[in-house]
Each structure stands twice: as structure tokens, then as C-alpha cells.
Amino acid sequence: MNFIKDQLAGYGVNEQMTGYLSNIIMVLFIALLSVLANLIAKKIVLKIIIHFISKDRYAWDNIVLEKKVFHKLSHLAPAFIIYYSASIFPLYQAFIEKSALTYMIIVTITVFNALLNAIDAIYRSFEVSKIRPIKGYIQVAKIILFIIGVIVVISNLIGQNPLIILSGLGALSAVFMLIFKDSILGLVAGVQLSSNDMVRVGDWIEMPKYNADGDVIDITLNTVKVMNFDKTITMIPSYALISDSFKNWRGMQVSGGRRIKRSVHIDTSSICFCTKEMMEEFQKIHYLSDFIRARLNEISIYNIEHQINTESKVNGRHLTNVGVFREYIHEYLRNHPKIHKDMTLIVRQLAPEDNGLPLEIYAFSNDTNWVVYESVQADIFDHIFAVVPIFGLRVFQNPTGHDIARLKESKEYSSGY
């Protein structure tokens, strides 16, 4: 500064103008130096860092680069120059230092914020992130970072120790508890969800209270984001997954089998004992031939040993068409390529009801994909409905308009005849 003043005085500039001009020249010089430092940091230092990062074999440093951690860090270079140049202007030194320091604190906060984003992105690249998400913890760290940053900025501007401000905030703890209630509840819920492995990103969950039925696509501090199967998005509070019940279909997906539980209703008036002709037809069915021969032999031996009069079907043991049909369905499913062989397979009768006798199929497909599962289930029941008449049975169905019209035509025909 003195050098500039001497030079200006040598050119005959008066003392008052010398002070103004020297200050302007120094301001322009510091500004130029700051711009130069910024260019060096971004155009040279940053490019060298990018060059080394792009050459190594690690992926995590590329993520740090993508989150612009180093780009934000480069903003500190001109701030340091302005801060250490403040002593040149004694009258404005305190103001310049506080302003520069405030700027450096804000830049530092943005750097740490970008670094936390990079840590989250790096963690998400590992499979464990689906089981133990840390996004909620990252958000808590950000809240703490911003609170500390605001306190440090305020303490710097008013020239007070940050600890004094922190002690004063103790009286406002109740207010902060109210403001950050959801975040605190979310943090507690996030810890429980993570430690108990209750829900992961990618899980299919069902929560009727919130009309949620779909895949979890994100878990944050306050909410769990679910994409429903109709492509709508449902936001569920994290603590609701702890306080309320929900269904997680992960167990089904992991097991490799998806349950089929559906009934076909048989008209009870079509159930009867099997005749000799029916037995001959049933023995021609691939899945029943061995069963029919073994069963007939077993029944014959039983009836002879107990001297049963088989002229009446009421006496002794006999096969029924619905029993043979149930065995056929069981064998058909056992040999079906899309049915899981290591899981429960039952074809059972339920209690008769107004709609006939329910024959329930309880089995598991070996493909949990929804589209494949529905296709397998439909194919099975297509076949079952088609083969029911072969066993002398009828599927129960309430009368339709077509049935009533046919009955009316039949009566008219009979009357005319």
C-alpha cells in the first residue's frame, strides 16, 4: 500500500487523492488475485485431481467427483486471499475478515454436505445398502451440520463464543423438540427398521391404511416411498411402519414360491359312485391308471375280507367320481412343471355351502413373478374346468339369463308338442 502511495505521490497526485486511488488499486489487485487463484484452483489443480481420479481403478472417488466435492472446495481459494488481505484496510479489517470467514464457513458446510451425498451414493453401490439403508442417518448428519453451521456463522457475525449460543439454545429445547418431532420419530423408527431388518428398498409391502401396495423405492429419515402397482406414489411416515401393521412380501420372494389358493365349486347333485364304465374310462387317463388299479384291488380285498354285499353301493367301500377327480388334480399338479415340488401341495374339500362343494387347490408356483404366477394359475384352472365333465361332475354356477331363456324355450316346446 505504501509503495503505491509513494508512486502516486511521485506523479504529483495530492495526498487525499493518493489515499482514494491507492485503496481502489489495492481492491482491484486483490480482486484480480482472487480471480487468478480461483482459475488456478479450478483449471489446474482441479484438472490434475480429475486426471488422477480417472486413471485409478477405484469407483468411490469418481462418485466423490460427481458430487462436486472438489469443485465446492475450490471456492475457498479466493476467500483465503481476501481474508489475509484484510489487514491492508485497517478501517474495514474486522468487517472484511468476518465476511470472508462467514463465506468460508458456508463453503465448508456445502463441501461437507456434498461429501455426505457422496458417502450415501457410495454406500448405495453396495448390495448391503438394500438391507441396511443409511439415508436416514445421512439426513440426521445434515441437520446437525446445518445447525452447527448456522450457530458458527451467527457467533462469527456477532463476535461471541459458539458455546454461549449453544447454552442459550438449551432453553429452546422444547421448541426444537416440537419442530423436529417427525425427524426424531423418523430417526428412532429408522433405527428399528434397520436393526430388525423389517423393510428394505425393493421390498413389496402392503399397508391398506395408507393405500400402499407396491415396491419400496426409497427410505428417508421421515418417509418411506412406495411405488404402487398402478404407478402412483405413496409416502408413508417412517414411524407408521413401527406403530402400525403392514405386510412385507419379501419372504415369498425369497422362498421362490408363490401361493395358489383357489377353489372350484362342484355341483353336489353330480357326485356319485363310480360305475364299471367310468372305471374303464378313468384307467385310460395317464395320471390315474396306477391309482385306479391299486385302489380297486385294495377295495376288492377289503370287501371280500369283510364279506360285503356289493350289490348295493351303500355297502362296503367304493370309489366316487369326486374322489377320483380330487386325486387326478393332485397328480396333475405334482407333475406340473410350474408347481414348486418342495412346498405344500394339497387338494382338499371344504365345507359344503350354497354354491356347492368347494375343492380347494393349495399349492405354490415355482416362479414368484406376478405375470408368470397369474398365467400359471389361469392355465391350471383352465384345464380343471375343461376336464370336470369327464368325471361326470358339473361345476356349480348360478342360473344366468341364458339358462332361464333355454328353460322357457323348453317349456314352450313341450307345451306345443
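Just so it is clear, the model here is predicted, and its values are computed rather than measured. Just so you know, these numbers use all the heavy atoms, side chains as well, and skip hydrogens, waters and symmetry mates.
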Subject >> Under the salt bridge (charged side-chain N to carboxylate O under 4.0 Å, His left out) test, residues paired with Lys284 that sit two or more places apart >> reply: Glu281
Original post:
Which residues pass the salt bridge (charged side-chain N to carboxylate O under 4.0 Å, His left out) test with Asp379, sequence neighbours left out?
Top reply: none
Subject >> Non-neighbouring partners of Tyr302 that pass ring-ring contact (aromatic ring centres under 6.0 Å, His included), sequence neighbours left out >> reply: His306
**OP:** Could you list the residues that satisfy ring-ring contact (aromatic ring centres under 6.0 Å, His included) with His318, not counting sequence neighbours?
**Re:** Phe273
Original post:
Of Ile390, Asn321, Ile292, which is the lone residue that meets side chain to side chain contact (heavy atoms under 4.5 Å, CB included) with Met278?
Top reply: Asn321
Subject >> Any residue meeting side-chain hydrogen bond (donor to acceptor under 3.5 Å, both in side chains) with Thr223, in chain and number order, not counting sequence neighbours >> reply: Thr220
**OP:** Keeping to residues at least two apart or across chains, list the ring pair (Phe, Tyr, Trp, His ring centres under 6.0 Å) pairs with something in residues 239-263.
**Re:** Trp204-Trp249
Going by salt bridge (charged side-chain N to carboxylate O under 4.0 Å, His left out), name the pairs with one or both residues in [range], residues two or more places apart or in two chains.
{"range": "residues 354-369", "result": "Arg348-Glu360"}
{"range": "residues 237-253", "result": "Asp197-Arg250, Asp203-Arg250, Lys209-Asp244"}
{"range": "residues 261-277", "result": "Asp267-Arg394"}

Original post:
Which pairs count as side-chain hydrogen bond (donor to acceptor under 3.5 Å, both in side chains) when at least one residue sits in residues 102-121, sequence neighbours excluded?
Top reply: Thr102-Asn156, Asn117-Lys142, Asp120-Arg124
Subject >> All pairs passing side-chain hydrogen bond (donor to acceptor under 3.5 Å, both in side chains) where residues 332-347 contributes a residue, at least two apart >> reply: Glu331-Arg334
**OP:** Decide, yes or no, whether a salt bridge links Arg317 with Glu298 under the criterion of side-chain N to carboxylate O below 4.0 Å.
**Re:** yes
Please report, to 0.1 Å, the donor-acceptor pairs under 3.5 Å made by any side chain of residues 226-236, with sequence neighbours excluded.
residue: Asn228; atom: OD1; partner: Asp213; partner atom: N; Å: 2.8
residue: Asn228; atom: ND2; partner: Thr232; partner atom: OG1; Å: 3.0
residue: Asn228; atom: ND2; partner: Thr234; partner atom: OG1; Å: 2.7
residue: Asp230; atom: OD1; partner: Thr232; partner atom: N; Å: 3.2
residue: Asp230; atom: OD1; partner: Thr232; partner atom: OG1; Å: 2.6

Taking the side chain as everything from C-beta on, heavy atoms only, tell me whether [X] gets closer than 4.5 Å to [Y].
{"X": "Gln349", "Y": "Leu357", "result": "yes"}
{"X": "Val387", "Y": "Phe325", "result": "yes"}
{"X": "Asp218", "Y": "Val224", "result": "no"}
{"X": "Ile148", "Y": "Ile109", "result": "no"}

Original post:
What do you reckon, are the aromatic ring centroids of Phe391 and Phe282 less than 6.0 Å apart?
Top reply: yes
Original post:
Regarding Arg258 and the six-membered ring of Tyr373, is the cationic atom NZ or CZ under 6.0 Å from the ring centre and inside 45° of its axis?
Top reply: yes
Original post:
With no hydrogens and no angle check, is any side-chain donor or acceptor of Ser300 less than 3.5 Å from a backbone partner on Leu296?
Top reply: no
Original post:
Do other residues, nucleotides or ligands put more than 12 heavy atoms under 6.0 Å from the CZ atom of Phe112?
Top reply: no
